[in-house]
Each structure stands twice: as C-alpha cells, then as structure tokens.
Amino acid sequence: MSRNAEVADRLDEMADRLEALGVEYKPRAYRQAADNIRGHTVAIETLAERGRDAVEEIDRVGEAIAAKVVEYVETGEIAELEELRDDLPVDIGALMRVEGVGPKTVADLYEALGVRDLDDLEAAAEAGEIREVKGFGPKTEENILDNIEFARESHERALLGEAQPLAERVLDHLRDHGAVTAADTAGSLRRWRPTVGDVDVLVASDAGEAVVEHFTEFDAEVIEAGTSKASLRADGMRVDLRVVVEAEWGAALQYFTGSRDHNIVLRNRAIERDLKVNEYGVFDVSGVEDPDAGQRVGERVAGGTEASMYEALDLPLIPPELREDRGEVAAADAGDLPDLVALGDLRGDLHTHTDASDGDESVAGMLAGAAEFGHDYLAVTDHATGPGMVGGVGVSDDELLAVAEEVRAADSEVRAFTGVEANIAADGSVSVADDVLAELDCVVASPHAALDGDGTDRLVAAAEHPAVNVLGHPTGRLLNRRAGLDIDIDAVAAAAAANDTALEINANPHRLDLRGGYVKAAVDAGATIAVNTDAHRPAAFDYLRFGVHTARRGWAEAADVLNARDADGVADFLGL
DNA sequence: GCCGTTTTCGGCCCGACTGTTTTCAGTCG
C-alpha cells in the first residue's frame, strides 16, 4: 500500500470514529483530507520530511491534520486515533462494511451488546439481541444478518475491467424493454475509476415499475425492488438501478455520475446564481420565498440533458472522467477544458507480447489481430530476461534479435515495429545489452521486481537511458494486490519530457498504471503518454478503452499521446 | 477541522429511503 493510501485510511478511520461519537463537521473534514492525500501525486512521506507546512499544501489539509500526518509518518501512530480506538475498541471498518450499518450503529451496538467485530455482530443478531436494543427492531436485525456474508466477502472494490462488462450486459438487458428510452451507467463507473464500489445504471422511462420488474429478471439475486429503484447482486457486485422520467434524465445522469465533491462545487455555483441544482433539474429560485420547501421549487430551467444542466450554470459540458473536483469547474468556467483524447484517436499499440515470451499467440497472429482490431501499427515487445522474469519467461538477447528478424520479415497489414520489454533493475539499469537495444525499434523498459519503496531515482535513470523509448507500467501496481512503487511523478515526468521517453498508461485492467492523477501531472510537465495494452493475446487489444479513459481522467489530449500519431510520427519519436 | 469576492469566525450540499418511531435518526448515494 502506498503510504498516501495508508495515511488516508487512518484519517478515514478517524472520521468514522468521530462520527460514531456524534462529532459534527470534523468527520467530513477528515474524509476530504483523506481523499486528497490518497489522490495526491507526491509521496506523503516526502512532504512529511519537509515538514508540516509542506503537508498543508494539499487541499483541505490544514494545521491540525498536517500535524497528524507528520506524526504518523514519523512514529507510525496518531495518538488521537489510538485514544479513539481505546474509547471504542471495535473493528469499525469491518462492521461498517455491512450494508445499513454506519458509525452510529456501530457505537450503539458496542455500548448495548459489546459488539466488536463481524462475528460478534452475527452472534448477536442470531441470538435475537439486536432487536431488543432501543432504536432497533426485528427488521434491522434481519437486514444485518442478510448482509453480513456479503460484507465478509466484498472487502475489495471491483475492478473497472470486471464491472464495465457487467454493466454493458445489464444495459443491453434494460434496452430490450420497450418503455426504456435511454440507459447509461452512472457513478464512478461512468467516470472510469480503476475500481468501483458498485455498478450504477440509470434508465429514462415513463414506466418505472415495469422497468424495475424487467430489471429483476436479469440473471442475479434481487436485493430490493421498489417503484423507481432496485438493486441486484451479480458477479459479486451490487448493481443499483434508478428509473427517471425523460424530462429529468440529464439531471439524474449528472447527479448520479458525481463525484460528490464535483456536485458540491456545482451546487455552490448554483447558489451564487439564485439557482438550485438537484437530481431533478436546475431551478430558478430567485422569486421563491423558501428554496428548500421542496425538490422541484421554482422554475425549471434545465434537466432533460446533461449539457443543459451545465449550460444553466454557464458552463460547457464537463466530461465525466474529469468530474473529480480537481479544478475542472474552474477550467470549464475559463474555457480551458482539454479536448480529451478518444478511443478513435488511437492508431496502434506499442507494448505487446507473443509466444516467444509469455504470450499465447505467434508474431504473425498478433500482427493479424492488430489489423483486425483496426490498428495501423504494432510494436512486438517480448520480455527480456532480468530481474523479476522468473520461470524462463524472459528471452535472451540473441532470441530478441531472432524475434525482431521474424517481425521484420512478417507479411503484415499493419506496420510492425521490433522491440523489447526490458527490465528496470532496482538501481535503474536496463537488463539488455546496449548493442541489442540499438537494433530494436521500440524499447519499453518496465519495473518487474523490487516493487516497493521509492522508485523515483530508478525511473528517472531509465528515462534518461538513451535507448529507452517508453517506461512501461511505471509504478508496477496491481489493483487490490500491490501498491507498487512510490514515485515523485513530477520528477519522473520532467526526466521523461527532457529525454523524449514516453510514460505508459498500461491499459490492463489489473494495472491502469499510470493512474489518472499521475497522467495529469505528466501532461502538465510536457511528457508524452503512450496508451498500451500489454496484450498477451489478440483479445486483449480490447483493453485499450480502459487505458484511453484513464488518459482522459488525466486530462490528456490526442496531442499528448504517442500512439495517437500515425506510424511515421511514431517512427520519428522512436528515432527511426 | 477547514476555509475565505460572507476573509480569522460562522458556516459547512441535498434528498430518498428505511425502520423505527409518533416526529426523526441513521444510512446511502
């Protein structure tokens, strides 16, 4: 776990515990600080070493939280958190994972029954003790019992790469219903976050109940189903449906896409204009005595489309991937929104494998697959031997040259670039002889071993290597499994930009590395981005969309992306 | 606890739903 996430988790825990105690406002402050630390592109220990003032540079982190961050980095503890843990000695994170159980419930059940963890909770529910607690009843007890098992299993967020295909199947099913006039994803899935907590789908229809019923006929367990919303559990994920009328489609889509912080910025902007924004539309409340009197108070000025919602606030439509409260509203206001790269802009793939190393397909098969996918060019970059390449996966320098010869000789519809995925050792050196690298068109260099600690110097050294063209999956993270290297992205991006080395967005859904926040920093520093699939078989070329949307989350335009260039443009970049 | 064209104090987004209640607290998104 990167230390940013580790620190953020501690602050989130403080928020939960403060909320359990009934403290107002502080929980929100801690959560916002935690979110911003988690997403910050500079390693938190680097900032902590520079002192409290440096930590305070992170948005929503003030004096008090910065001091706790420094304390945590230096001592591994936050004294106040330890006190809070002593006050309420429970596994608050595990308990809150139970649907319907929040901080207050955790505190109440500890006080009344001494519930400390999921096992205690289950025992208390089975013994019928929970229904006897004041404020609780048999229904709550039953719900807790029903939801405990899912809480035990689903401690991880689902990968985008799993959730997106499920969402598409659900949307296809919904669109089969004649009364459905529009259907789309919402939530973090529509923002293409690398992991999602659940799958949100939204439908426009005048026949809410019929659509909900149709939804429950999808092959899945029904959690709940009302007149306009319902939830299923499918493939280990929760799928939430909402049905709205067509006139409120845009408002609902905007609202449920979030992020929450993005929506707060919009609401505050609305208030400045005597407008009110909610999931039903934008309303002019200038002549209204009490704007809070109801959800559709005032005159509706927008709501049918998402664009109308933004237009009512004097803004252009902001693409979902940007809606993370990272300055997108200010940029939109100033007319400075990026013209984001799109899937159709991508013309090739510069990081792929064949059965010469650990791929499943021959050189010819990969080239044919690339042509079928619609690419103009493909770089064949099999693994070199070196640190991290166990079990004979990597091929020797001589074999690399033999594969290159096969690539050159291939009769291919796409332009074929020879290449290698070399390994960046812990000291930053590259594991292939210089004279071999010189023979190859496209040299990808990636870290495959020693994937913890600070990797900044290592990546800077690789970026400065004259033969290296692309830094592959720079941090080496694996979602839900390995945090990967901590890096100072500004330093890495500066070195990449200065040395004409591209930084990869590895589109494999287990990686999505670089992540969006790092991409934005890299683009800001003038670095070139390569969106590659790391395909080990032709079917994996489809991963490209996950990479493209990650690029969009990083505010990247087509001009920032190496493989949005034509084959000659790429050849120029590679120095051919 | 944080923040500032309401600037060093006084606010802090908004609404639906559920289950428990006789008017609302907690949770969720």
Side-chain angles (χ1 to χ4, degrees), chain A residues 11 14-16 18-20 22-36 55-69 80 95-109 130-144 146-147 186-191 196-202 223-231 238-244 248 251-272 275-283 285 291-297 325:
Chain A
L11 297 177
M14 288 196 69
D16 292 338
L18 289 165
E19 195 167 359
V23 177
E24 284 191 292
Y25 304 116
K26 285 190 188 184
R28 181 167 144 79
Y30 274 91
R31 290 198 182 102
Q32 285 183 323
D35 278 350
N36 290 342
V55 179
E56 276 189 67
E57 283 170 19
I58 300 173
D59 193 30
R60 297 275 151 182
V61 176
E63 207 174 306
I65 292 181
K68 290 183 175 68
V69 169
E80 198 177 323
L95 291 168
M96 283 178 58
R97 250 176 254 130
V98 178
E99 184 85 31
V101 175
K104 299 287 175 87
T105 302
V106 169
D108 288 347
L109 292 180
I130 290 175
R131 68 178 67 196
E132 305 300 332
V133 179
K134 184 170 161 50
F136 293 75
K139 196 77 182 115
T140 302
E141 185 176 87
E142 194 181 315
N143 287 342
I144 286 173
D146 285 348
N147 291 326
S188 51
L189 187 57
R190 186 159 176 258
R191 303 198 310 276
V196 301
D198 55 24
V199 173
D200 292 316
V201 294
L202 193 66
I223 300 171
E224 59 186 9
T227 55
S228 65
K229 55 179 271 190
S231 299
R238 183 187 169 107
V239 185
D240 291 330
L241 166 76
R242 285 190 186 245
V243 186
V244 302
E248 293 173 349
L253 190 57
Q254 195 289 316
Y255 179 82
F256 289 111
T257 297
S259 65
R260 187 186 302 165
D261 287 341
H262 173 82
N263 286 352
I264 289 171
V265 174
L266 290 188
R267 269 206 193 91
N268 289 333
R269 186 178 174 91
I271 291 166
E272 291 166 15
L275 298 169
K276 175 173 157 151
V277 177
N278 59 28
E279 63 204 85
Y280 304 105
V282 180
F283 298 88
V285 292
D292 298 324
Q295 69 265 51
R296 295 176 181 86
V297 167
D325 189 22

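Each chain gets a letter, A, B and so on, in the order the sequences are listed, and its residues count up from 1. All values below were derived from every heavy atom in this structure, side-chain atoms included, with hydrogens, water molecules and symmetry-related copies excluded.
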[N] [atom2] sits how many Å from [X] [atom1], rounded?
X: A:Asp35; N: B:dC2; atom1: CG; atom2: C1'; value: 15 Å
X: A:Arg269; N: B:dC13; atom1: CZ; atom2: C1'; value: 17 Å
X: A:Asn268; N: B:dC12; atom1: CG; atom2: C1'; value: 9 Å
X: A:Tyr25; N: B:dG1; atom1: OH; atom2: C1'; value: 12 Å
X: A:Ile264; N: B:dG15; atom1: CD1; atom2: P; value: 13 Å
X: A:Ile271; N: B:dC14; atom1: CD1; atom2: C1'; value: 10 Å
X: A:Arg267; N: B:dG11; atom1: CZ; atom2: C1'; value: 17 Å
X: A:Glu142; N: B:dT18; atom1: CD; atom2: C1'; value: 13 Å

In terms of side-chain geometry, is the basic nitrogen of [X] or [Y] positioned less than 4.0 Å from the acidic oxygen of its partner?
X: A:Arg60; Y: A:Asp35; value: no
X: A:Arg31; Y: A:Glu19; value: yes
X: A:Asp240; Y: A:Arg242; value: no

>> Whether A:Tyr30 contacts B:dG1 is assessed here as follows: a side-chain N or O lying under 4.0 Å from the phosphate OP1 or OP2. Is that the case?
In response: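 True: A:Tyr30 side-chain N/O within range (under 4.0 Å) of B:dG1 OP1/OP2.
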
Selected nucleotide, minimal atom distance to [X] side chain, candidates [options]:
X: A:Asn278; options: B:dG15, B:dC3, B:dG1; value: B:dG15
X: A:Tyr280; options: B:dA16, B:dC13, B:dG1; value: B:dA16
X: A:Lys26; options: B:dG1, B:dC13, B:dC3; value: B:dG1

> Within the structure shown, what part of the strands sits under 4.0 Å from A:Glu24 by heavy-atom distance: base, sugar-phosphate, or nothing?
Replying inline: nothing

> Considering every strand shown, what is the Watson-Crick or G-U wobble mate of B:dT8 when both distances are under 3.5 Å?
Replying inline: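 Its partner is none (no Watson-Crick or G-U wobble pair with both distances under 3.5 Å).
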
Taking only the [atom1] atom of each, what is the distance from [N] to [M] in whole angstrom?
N: B:dT20; M: B:dG10; atom1: P; answer: 41 Å
N: B:dC12; M: B:dT18; atom1: P; answer: 28 Å
N: B:dA16; M: B:dT21; atom1: P; answer: 24 Å
N: B:dG29; M: B:dC13; atom1: C1'; answer: 12 Å
N: B:dC2; M: B:dT8; atom1: C1'; answer: 12 Å
N: B:dC14; M: B:dC9; atom1: C1'; answer: 25 Å

> Considering heavy-atom distances to DNA chain B, does A:Ala33 or A:Val277 have its closest nucleotide positioned more toward the 5' end?
Replying inline: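 Nearest nucleotide further toward 5': that of A:Ala33.
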
> In the 5'-to-3' direction, what one-character label does each nucleotide of nucleotides 19-29 of chain B receive under the scheme B = base within less than 4.0 Å of a protein heavy atom, S = sugar-phosphate only, - = no such atom?
Replying inline: SSS----SSSB

> Rounded to the nearest 0.5 Å, how far does CZ of A:Arg260 lie from CD1 of A:Ile264?
Replying inline: 7.0 Å

> With no hydrogens and no angle check, do the side chains of A:Asn263 and A:Gln254 hold a donor and an acceptor under 3.5 Å apart?
Replying inline: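 Yes - a donor-acceptor pair under 3.5 Å links their side chains.
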
>> I'd like to know if the side chain of A:Arg267 reaches the main chain of A:Val277, judged simply by a donor and an acceptor atom lying under 3.5 Å from each other, with no hydrogens or angles considered.
In response: yes

>> Once salt bridge (charged side-chain N to carboxylate O under 4.0 Å, His left out) is applied, do any residues pair with A:Arg191, and if so which ones, sequence neighbours excluded?
In response: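 Residues passing salt bridge (charged side-chain N to carboxylate O under 4.0 Å, His left out) with A:Arg191: A:Glu324.
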
>> Checking A:Thr140 against A:Arg131 for the side-chain hydrogen bond (donor to acceptor under 3.5 Å, both in side chains) test, could you report, in this order, the C-alpha distance in whole Å, the side-chain angles of both residues, the deciding distance, and whether it holds?
In response: CA-CA 7 Å; A:Thr140 302; A:Arg131 68 178 67 196; over 6 Å; no

